[in-house]
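The structure appears right after this line, and notes come after that.
What you are looking at is a predicted structure, and each value in this text was computed from that prediction instead of being measured. The basis for the numbers below is simple: all heavy atoms, side chains too, and nothing from hydrogens, waters or symmetry mates.
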Amino acid sequence: MSSNGYIPFGFQYPEGFPYHEKKPDPLIETVRARVYRLNEAHAVSGLSGEVFTAALDLFQAHASCGRDAFWTAVLAVTDSAQLAEIAKRLADLVAQEPPRLDFPNAISLFDCRFLSQAEWEHIRRYSIGGSEAAAVLGLSHYQSPRTLYFEKKNPPPKLRDFQKEHIFAYGHAVETYVVRSMASILGAVPYPEYRMFAHREYPFITCNPDSIFQYPDGHFDLFEAKTAFRMKRQDWYDGMPDYYVPQPRQYLEVLNDPKLAGGHIGVVFGGSPSDRICHPFQRDVAKGAEQIQRIAEYWNDYIVPGVLPPLSGVPELDLESVYKYTPGVHDAKTVETLPDDCSKDFERYFTLKEERVSISAALKAAKETESALMDEITKLLPDGLTICTSDTGPSYRVDCRERVRETVATAELPTASRHLLQSIAQVMKQPGLPFTTPKVSQKITKGKKP
């Protein structure tokens with residue numbers, strides 16, 4: 001079963017996996033049947049392809065379940081004619097949907113609007129996407145060639161990672177804002193792109209462009225949207241970070257279209273105009289071809305034959321590949337003797353550990369003594385800033401003011417919470433020098449937590 005309609009299905013089973021055309025992957029075949037039915041409905045509807053797909057995307061947008069479950073239910077109770085009628089009834093709401101651009105030099109695999117998140121992640125196992133290119137090239141800060149291998153060949157049981165889920169959900173939600181914001185800055189018209197594409201010669205090399213921009217003079221370029229934490233701003237100041245370069249480069253090579261000579265990558269760190277950075281990039285055919293060749297070699301040398309790639313040399317990434325992906329790594333193992341050059345390292349390690357524990361205990365005791373002494377001193381002094389002078393020793397400034405701060409809880413409590421701010425500073429090494437006592441005022445800070 002295949003489809004040549006507006007909604008693409010260009011998937012081909014690659015080598016090196018247990019599933020193939022004679023033993024198909026059940027999930028892949030479920031998606032194939034879904035696409036076939038949608039294209040049947042499109043042919044019946046008489047609508048343009050962009051309006052038909054936008055209408056059905058609107059239809060599924062408010063489903064309370066995943067898109068896989070949604071389409072399983074819908075296709076079970078509707079035929080192609082009924083599905084076409086639903087699209088026609090919603091067509092007026094999406095009549096302004098822009099036309100889709102054609103990229104004939106690439107294989108159009110899927111329209112990702114009609115895949116659930118789980119389906120999209122599963123299908124990505126059969127290829128190397130643009131965001132994974134840096135891992136193959138050894139440039140990624142988050143993934144090594146070996147961890148990528150395990151993700152393709154033998155992913156571990158899906159455990160919830162709430163931090164990653166938050167980052168992904170935030171990036172997906174903000175992506176539309178990033179695209180529109182950067183299009184406005186660049187004076188371009190954005191064409192949303194929902195399809196996954198594959199390289200003609202190497203179908204296991206894919207890309208998922210975020211958007212295509214068209215400018216007033218008529219030329220197009222590629223746009224990739226990113227979000228990042230503010231602590232990453234420095235990485236972006238001088239240009240596109242090295243670990244992001246392979247992604248748009250792969251996109252341009254996979255699409256291989258003369259109307260795309262380059263593009264822009266834009267990142268948003270927050271809500272202010274200064275939190276937006278955009279960098280241009282140009283297609284470098286030689287470097288692009290070299291990258292495609294290296295990814296093809298990685299696929300054919302490791303993924304297809306099932307050979308583990310070498311460790312990356314980055315400790316954090318290599319430890320992840322061992323502890324997260326290697327079965328039985330936590331099983332007890334016994335070594336009868338230690339290597340001669342290892343014994344000294346063990347002894348030094350445990351010596352330092354004991355010293356650190358001792359120092360930590362001494363530091364804790366010193367802090368407790370310091371706090372007790374400060375309490376005794378401030379009991380003897382008036383509220384405010386006090387200068388203690390001496391003819392035979394140094395002088396000290398003691399701050400034992402009591403500040404009143406209103407907090408959010410003030411509305412619930414009869415009085416604002418009070419906090420005693422204490423500090424002692426040695427202000428003069430030489431006694432007897434004249435000085436004046438600064439004035440101290442009691443301040444009320446509203447709306448802030450103490």
Side-chain angles (χ1 to χ4, degrees), residues 1-11 25-101 108-126 129 158 165-166 168-180 190-197 206-212 225:
M1 187 186 299
S2 62
S3 168
N4 296 315
Y6 187 83
I7 302 176
F9 187 87
F11 178 81
D25 184 333
L27 186 145
I28 294 292
E29 297 311 307
T30 297
V31 174
R32 191 195 301 263
R34 182 186 310 157
V35 170
Y36 181 80
R37 176 74 72 83
L38 291 173
N39 278 306
E40 278 187 338
H42 173 221
V44 174
S45 71
L47 299 172
S48 65
E50 61 268 16
V51 171
F52 176 81
T53 51
L56 289 190
D57 186 37
L58 182 64
F59 176 48
Q60 69 183 352
H62 299 290
S64 58
C65 58
R67 297 194 173 187
D68 47 356
F70 173 83
W71 284 111
T72 298
V74 168
L75 299 182
V77 297
T78 62
D79 57 23
S80 299
Q82 291 169 323
L83 198 57
E85 184 62 27
I86 292 171
K88 287 193 290 185
R89 289 179 179 273
L90 296 172
D92 289 344
L93 301 177
V94 293
Q96 302 304 314
E97 184 73 10
R100 190 179 72 183
L101 299 176
S108 188
L109 294 178
F110 305 100
D111 187 325
C112 296
R113 287 175 293 182
F114 301 103
L115 300 177
S116 69
Q117 179 65 28
E119 290 170 337
W120 181 78
E121 291 177 354
H122 181 86
I123 289 170
R124 276 170 56 91
R125 287 182 56 191
Y126 288 98
K158 191 71 173 179
E165 287 180 13
H166 167 75
F168 181 86
Y170 173 76
H172 183 72
V174 178
E175 180 182 304
T176 300
Y177 166 75
V178 179
V179 170
R180 291 178 179 175
Y191 284 76
E193 184 53 73
Y194 308 105
R195 289 167 293 175
M196 181 188 294
F197 296 92
T206 60
C207 72
N208 266 122
D210 288 333
S211 186
I212 307 296

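Summarising the geometry of Val178 relative to Ala225, their closest heavy-atom pair is CG1-CB, 3.6 Å, with the distance given to 0.1 Å. Contact record, Val51 with Ala91: CG1-CB, 3.8 Å, taken as the closest heavy-atom pair. Nearest heavy atoms, Leu27 versus His122: CD2-CD2, 3.7 Å. Ala55 and Val94 make their closest contact through N-CG2, 3.8 Å (heavy atoms, listed as atom of the first residue, atom of the second, distance). When all heavy atoms of Val44 and Ala81 are compared, the pair lying nearest together is CG1-CA, 4.2 Å. Residues Leu56 and Ala87 approach most closely at CD2-CB, 4.0 Å, considering heavy atoms.
Atom CD1 of Ile28 sits about 4.0 Å away from atom CZ of Phe11, to the nearest 0.5 Å. Put simply, CZ on Arg67 and CG on Asp57 are 5.0 Å apart, with the number rounded to the nearest 0.5 Å. Distance check, rounded to the nearest 0.5 Å: CZ of Phe197 to OG1 of Thr206 gives 11.5 Å. Separating the CD atom in Glu40 from the CG atom in Leu83 is a distance of 10.0 Å, to the nearest 0.5 Å.
Looking at heavy atoms from C-beta onward, Asp210 lies in side-chain contact with Glu175 at the 4.5 angstrom threshold. The side-chain heavy atoms of Thr30 and Trp71, taken from C-beta on, include no pair separated by under 4.5 Å. Proximity of Leu90 to Ile86: side-chain heavy atoms (C-beta onward) are separated by under 4.5 Å at one or more points. Using a 4.5 Å cut-off on side-chain heavy atoms (C-beta onward), Pro192 and Pro98 make contact.
Shown here are the side-chain hydrogen bond (donor to acceptor under 3.5 Å, both in side chains) partners of Arg113, two or more places apart in sequence or in another chain: Thr53, Asp111. Ser211 pairs by the side-chain hydrogen bond (donor to acceptor under 3.5 Å, both in side chains) definition with nothing, not counting sequence neighbours. With sequence neighbours excluded, no residue satisfies side-chain hydrogen bond (donor to acceptor under 3.5 Å, both in side chains) with Gln82. Partners of Glu119 according to the salt bridge (Lys or Arg N to Asp or Glu O under 4.0 Å) rule, which considers only residues two or more places apart in sequence or in another chain, are Arg34. Take Ser45 and apply the side-chain hydrogen bond (donor to acceptor under 3.5 Å, both in side chains) test, not counting sequence neighbours, and it matches no residue.
Using a 4.0 Å cut-off between charged side-chain N and carboxylate O, Arg32 and Asp25 make no salt bridge.
Identified under the side chain to side chain donor-acceptor pair (under 3.5 Å) test for residues 92-101, with sequence neighbours left out: none.
Proximity of a side-chain donor or acceptor of Asn208 to a complementary backbone N or O of Arg195 within less than 3.5 Å is detected.
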Output, in order, the C-alpha distance, side-chain angles, deciding distance and verdict of side chain to side chain contact (heavy atoms under 4.5 Å, CB included) for Val35 and Phe114.
-> CA-CA 8 Å; Val35 170; Phe114 301 103; 5.9 Å; no
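For CZ of Arg125, the number of neighbouring non-hydrogen atoms (other residues, nucleotides, ligands) closer than 6.0 Å is greater than 12.
Note: Phe59 and Phe70 meet the aromatic proximity criterion, with ring centroids under 6.0 Å apart.
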